[in-house]
Amino acid sequence: MAEYEACILGLRLAIDMNIQELLVIKDTDLLVHQVLGEWATKNTKILSYLQCVQELIKRFTKIEFKHVPRIHNEFVNALATLSFMIQHPDKNFINPIPIGIHKQPAYCAYIEEEIDGNLWFHDIKKYLEK
């Protein structure tokens, strides 16, 4: 259900931005195959999500769904981890997260260990909460 929620939010955002052609990359094989009609679902909780996605799809002139295994998409892993840590008072609002692309990768092995006793993501979480 969480994957469908994320997909629906992304589709609605693309519609609001008047995007006509869209490539949706998901790491959930099940969602992609269900949306494409290749796999069926009998789960009544999922059916309403699937129907919503199928209705939203009709608003695009061209849309393609592609499955990329999560192991090959570290960026999605990082965002998924952060999304579980943040609770916004207004459940329908998502704060934008500015993302920069660097020419060289950052290696976590070069980060000094924090002595303050907080977990590695403490500062990131506080920044995102603000």
Side-chain angles (χ1 to χ4, degrees):
M1 288 187 288
E3 290 289 337
Y4 272 99
E5 288 278 350
C7 184
I8 290 166
L9 286 172
L11 292 174
R12 286 182 177 160
L13 179 63
I15 290 167
D16 290 345
M17 296 171 64
N18 293 319
I19 293 172
Q20 298 298 310
E21 296 182 7
L22 185 66
L23 170 62
V24 180
I25 300 173
K26 299 295 293 177
D27 62 5
T28 306
D29 202 24
L30 181 66
L31 183 144
V32 171
H33 288 290
Q34 286 176 343
V35 169
L36 295 176
E38 297 169 353
W39 295 353
T41 181
K42 295 179 183 177
N43 185 331
T44 55
K45 293 178 182 177
I46 299 295
L47 280 174
S48 58
Y49 286 105
L50 179 57
Q51 290 168 350
C52 181
V53 169
Q54 289 170 336
E55 285 299 313
L56 292 171
I57 287 172
K58 294 176 184 176
R59 297 172 130 190
F60 296 92
T61 56
K62 181 181 178 185
I63 188 166
E64 181 183 343
F65 283 79
K66 182 178 177 185
H67 173 251
V68 174
R70 183 171 282 194
I71 192 74
H72 298 297
N73 197 343
E74 294 84 8
F75 186 67
V76 169
N77 280 336
L79 288 177
T81 301
L82 289 173
S83 71
F84 285 110
M85 296 179 202
I86 302 168
Q87 293 294 323
H88 195 280
D90 180 3
K91 298 290 182 188
N92 294 323
F93 180 80
I94 299 174
N95 285 319
I97 301 173
I99 299 170
I101 299 175
H102 299 281
K103 293 182 182 185
Q104 294 180 339
Y107 295 98
C108 62
Y110 296 130
I111 298 174
E112 301 271 337
E113 184 177 332
E114 293 290 330
I115 302 174
D116 62 5
N118 292 320
L119 296 173
W120 65 268
F121 57 81
H122 177 75
D123 294 332
I124 298 170
K125 183 179 176 187
K126 289 297 178 191
Y127 172 76
L128 292 172
E129 286 174 347
K130 290 180 184 177

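A quick note: this is a predicted structure, and the numbers were derived from the prediction, not measured. Only heavy atoms go into these numbers, but all of them, side chains included; no hydrogens, no water, no symmetry mates.
Heavy atoms only, all atoms of each residue included: Q34 and A40 are closest at NE2-O, 4.2 Å.
Residues meeting the side chain to side chain contact (heavy atoms under 4.5 Å, CB included) test with A6, sequence neighbours left out: K26. Remark: E55 engages K58 in a side-chain hydrogen bond (donor to acceptor under 3.5 Å, both in side chains) (not counting sequence neighbours). By the salt bridge (charged side-chain N to carboxylate O under 4.0 Å, His left out) test, K66 is found to be paired with no residue, residues two or more places apart in sequence or in another chain being considered. Considering only residues two or more places apart in sequence or on other chains, E21 meets the side chain to side chain contact (heavy atoms under 4.5 Å, CB included) condition with T61, K62. Partners of L13 by side chain to side chain contact (heavy atoms under 4.5 Å, CB included), not counting sequence neighbours, listed by chain and number: M17.
At least one side-chain heavy atom of I63 sits under 4.5 Å from a side-chain heavy atom of L11. A heavy-atom distance below 4.5 Å is found between the side chains of V35 and Y4.
Residues M1 and I8 fall within the same hydrophobic cluster, defined by Ile, Leu, Val, Met, Phe, Trp and Tyr side chains chained together at heavy-atom separations under 4.5 Å. Tracing side-chain contacts under 4.5 Å through hydrophobic residues (I, L, V, M, F, W, Y), one never reaches L30 starting from I25; they form parts of separate clusters. A single hydrophobic cluster is seen to contain both I15 and F65, as judged by linkage of ILVMFWY side chains at heavy-atom distances under 4.5 Å, directly or through other members. A continuous path of ILVMFWY side-chain contacts below 4.5 Å connects V53 to L36, so both sit in one hydrophobic cluster.
Residue pairs meeting the side chain to side chain donor-acceptor pair (under 3.5 Å) criterion with at least one member in residues 39-53, sequence neighbours excluded, are E5-Y49.
One distance of note links CG of L22 with CZ of R59; it measures 13.5 Å at 0.5 Å rounding. How far CG of L56 is from CG of L9: 10.0 Å, rounded to the nearest 0.5 Å.
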